[in-house]
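Below: one structure, written as structure tokens.
Everything numeric in this text was worked out from a predicted model, so none of it was measured.
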Amino acid sequence: MRTLYTFAAVCLFGTAFAALLPACGSSDDPSPGGSAGASPAAGGSPATAGTASTAGTPGTAGASSAPPGDAAMGATIYTGQVCNTCHGPDGSGNQGPNITLSTTAGIGSWTYQQFHDAVRLAKRNDGTPLCVLMLSYNETDISEQGIADLYAFLKSQPINDTPQKGSYVTSGACQ
């Protein structure tokens, strides 16, 4: 009889644990439908999708091919994924590089696809790895819509033409 109670307790504990497991493995990506493979059309309402992404027109190549993004959702992802720790609250740099849309000091000359690949693969435009501290984010971390939202957030920030001289940048760890 004791074995039956032990078995029941193990089953009950296992069921409770299994019910909590999806919450522990969930993404910090707050974009709607934050699951892998979310379609870019899934994020935001038609009235808000892309409105903030038109701010700060960078004149970058490929900017018109960027999917619509929601800058407010991008700000939430930016802080949730702790991008602000290295890149500062507005992308102008902190310990890591300037990622504002400055064409001289930031990523303003990048296409959306190059930005996407930097976030998704942690690779430079030439395919070499970015800073060893820059993580690659798979679709369970940041959805495709989430990357578009991040890009919209960066587009909404003021352009800063000052190259970042933070400790990771000047130490050579993040060039």
>> Show, in sequence, the C-alpha distance, side-chain angles and deciding distance for Ile99 and Leu154, and conclude whether the side chain to side chain contact (heavy atoms under 4.5 Å, CB included) test is met.
In response: CA-CA 8 Å; Ile99 57 169; Leu154 290 173; 4.0 Å; yes
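- For Asp149 (side chain) and Asp70 (main-chain N/O), a donor-acceptor pair under 3.5 Å exists by modelled atom type.
- To the nearest 0.5 Å, atoms CE (Met134) and SG (Cys86) are separated by 9.0 Å.
- Under the 3.5 Å distance criterion, the side-chain polar atoms of Arg120 are matched with a main-chain donor or acceptor of Ile142.
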>> Show, in sequence, the C-alpha distance, side-chain angles and deciding distance for Leu101 and Lys155, and conclude whether the side chain to side chain contact (heavy atoms under 4.5 Å, CB included) test is met.
In response: CA-CA 7 Å; Leu101 296 185; Lys155 286 175 61 176; 3.1 Å; yes
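- Note on residues 93-118: no pairs pass salt bridge (charged side-chain N to carboxylate O under 4.0 Å, His left out), not counting sequence neighbours.
- For Ser92, the side chain to side chain contact (heavy atoms under 4.5 Å, CB included) partners are Asp90, Thr100, Asn160, not counting sequence neighbours.
- For Asn125, the side-chain hydrogen bond (donor to acceptor under 3.5 Å, both in side chains) criterion is met by no residue, not counting sequence neighbours.
- Remark: side-chain polar atoms of Gln114 are not paired, donor with acceptor, to backbone N or O of Ile107 under 3.5 angstrom.
- A search for side chain to side chain contact (heavy atoms under 4.5 Å, CB included) contacts involving Thr104 returns Ser102, Asp161, not counting sequence neighbours.
- In terms of modelled atom types and a separation under 3.5 Å, the side chain of Gln145 and the main chain of Pro68 share a donor-acceptor contact.
- The CG atom of Leu121 lies 13.0 Å from the CG atom of Leu135; values are rounded to the nearest 0.5 Å.
- Judged as a ring pair (Phe, Tyr, Trp, His ring centres under 6.0 Å), the pairs with a partner in residues 77-107 (not counting sequence neighbours) are, in order, Tyr78-Phe153.
- The minimum heavy-atom distance between Ala105 and Thr162, with the atom names listed, is CB-C, 3.6 Å.
- Ring planes of Tyr112 and Tyr151: perpendicular class, angle over 60° (limits at 30 and 60°).
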